[in-house]
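To start, the structure under review is shown below, and the notes come after it.
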Protein chains: 2
Amino acid sequence: MQELIPFLKERGLRITPQRTLILQTILSLKGHPTVEEIHRQIPHISLATIYNNVKLFVSLRILKELPYGNGLSKYELTNQPNHYHILCEACGDIIDFNYPTLTQIEDVANKLTQFKINSHQMEVYGLCQSCQRKEGDD
Amino acid sequence: MQELIPFLKERGLRITPQRTLILQTILSLKGHPTVEEIHRQIPHISLATIYNNVKLFVSLRILKELPYGNGLSKYELTNQPNHYHILCEACGDIIDFNYPTLTQIEDVANKLTQFKINSHQMEVYGLCQSCQRKEGDD
DNA sequence: CTGGTTGCAAAGGCTTTGCAACAGG
DNA sequence: CCTGTTGCAAAGCCTTTGCAACCAG
């Protein structure tokens, strides 16, 4: 958090209470909140401001956008250890899990496609425990 | 294509010229078209019909939805060999590439999270060849 | 002070839906 | 025929934007 102040200032950006609160809220939610979930925690900050700042943070690579929200985007802080995601197809929940980084696949992809590789992502899809139980009830 | 007729009929769904054309168009486009790209090929079919049918085909698992279109969804036919995707961060293009299926990761994810696993996906991000050239020009 | 920021309301862009006319089987 | 389907226009939903008031530095 503190390390952001010089980072923003260098770029002529200001530390506003809104920006601080948005980041603190994402931190406190821990998971992968949507804009709507962030706004629910800090309803006195306008939705437009949250949208604009989340977008700004993504462009500054402070946040990462996860496009798996069924139309909505979810966000996570980038200053976290590498991990992959598992998504529940019933409730939409996203959980992190650790797995050795798939470094090889980037080399292969580069050889096969001649792309200049930047990163990769991997998601596993399934049913979380509580949705498995609910399914059993039907 | 032919194998779809009994598949739809079993479910009380009809084979309409629109449905046939939508699937043929996706086939002919080969890649991972958006709804808009499909509609551009068959503009005499209403956008609403294309949306409704694409959605129907996804629910029937004839099509798979790829949520990497920067807001738009892209679609691909499911009756294709397993493969992974590489995305160009500049132009948004999606290319398939082959890599041994990451079966192990599903077992690990199951052990770590207790999810019931259905599938997984993996995307590599980078710059395609033609966007690499363009970048060099700047 | 002064240019970046906020927040409201309006506009945008993609997608879904209500409904009357239509048509596959 | 009868129920599923089409297509228009309208509505929905999430997100972005114009702009005046505001405020961080």
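Lettering of chains follows the sequences in order, A, B, ..., and the numbering in each one begins at 1.
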Take the protein atom [atom1] of [X] and the nucleotide atom [atom2] of [N], then report the distance between them rounded to whole Å.
X      : N       : atom1 : atom2 : answer
L13(B) : dT6(D)  : CG    : P     : 10 Å
N53(A) : dG7(C)  : CG    : C1'   : 12 Å
I42(B) : dG7(D)  : CD1   : P     : 10 Å
R19(A) : dT6(C)  : CZ    : C1'   : 10 Å
Y51(A) : dG13(C) : OH    : P     : 16 Å
L72(B) : dG12(C) : CG    : P     : 18 Å
R11(B) : dT3(D)  : CZ    : P     : 21 Å
L21(A) : dT5(C)  : CG    : C1'   : 15 Å

Would you say Q80(B) has more than 12 foreign heavy atoms packed within less than 6.0 Å of its CD? yes
Between [options], spot the one nearest the side chain of [X], thanks.
X      : options                  : value
S46(A) : dC14(C), dG7(C), dC14(D) : dG7(C)
Q18(A) : dT6(D), dT17(C), dT6(C)  : dT6(C)
A48(A) : dT17(C), dC8(C), dT5(D)  : dC8(C)

Of I22(A), L23(A), L29(A), which meets side chain to side chain contact (heavy atoms under 4.5 Å, CB included) against T25(A)? L29(A)
Consider only side-chain N and O atoms of E89(A) and N118(B), and report whether a donor and an acceptor are under 3.5 Å apart. yes
When we call it a touch if two heavy atoms are under 4.0 Å apart, what does [X] touch: a base, just sugar-phosphate, or nothing?
X      : answer
T16(A) : sugar-phosphate
N52(B) : base
L47(B) : nothing

Most 5' of I15(A) and P17(B) on DNA chain C, judged by nearest nucleotide: I15(A)
Is H39(B) reaching over with its side chain to a backbone N or O of S46(B), donor-acceptor style, under 3.5 angstrom?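 Side chain of H39(B) to backbone of S46(B): no pair is present.
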Is there a donor N/O on one and an acceptor N/O on the other, under 3.5 Å, for the side chain of R14(A) and the base of dG4(C)? yes
Does K55(B) have a side-chain nitrogen or oxygen under 4.0 Å from the phosphate oxygens OP1 or OP2 of dT17(C)? yes
On the 0 to 90° scale, with breaks at 30° and 60°, tag the F97(A)-Y84(A) ring pair as parallel, tilted or perpendicular.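 If you compare the ring of F97(A) with that of Y84(A), the planes turn out tilted.
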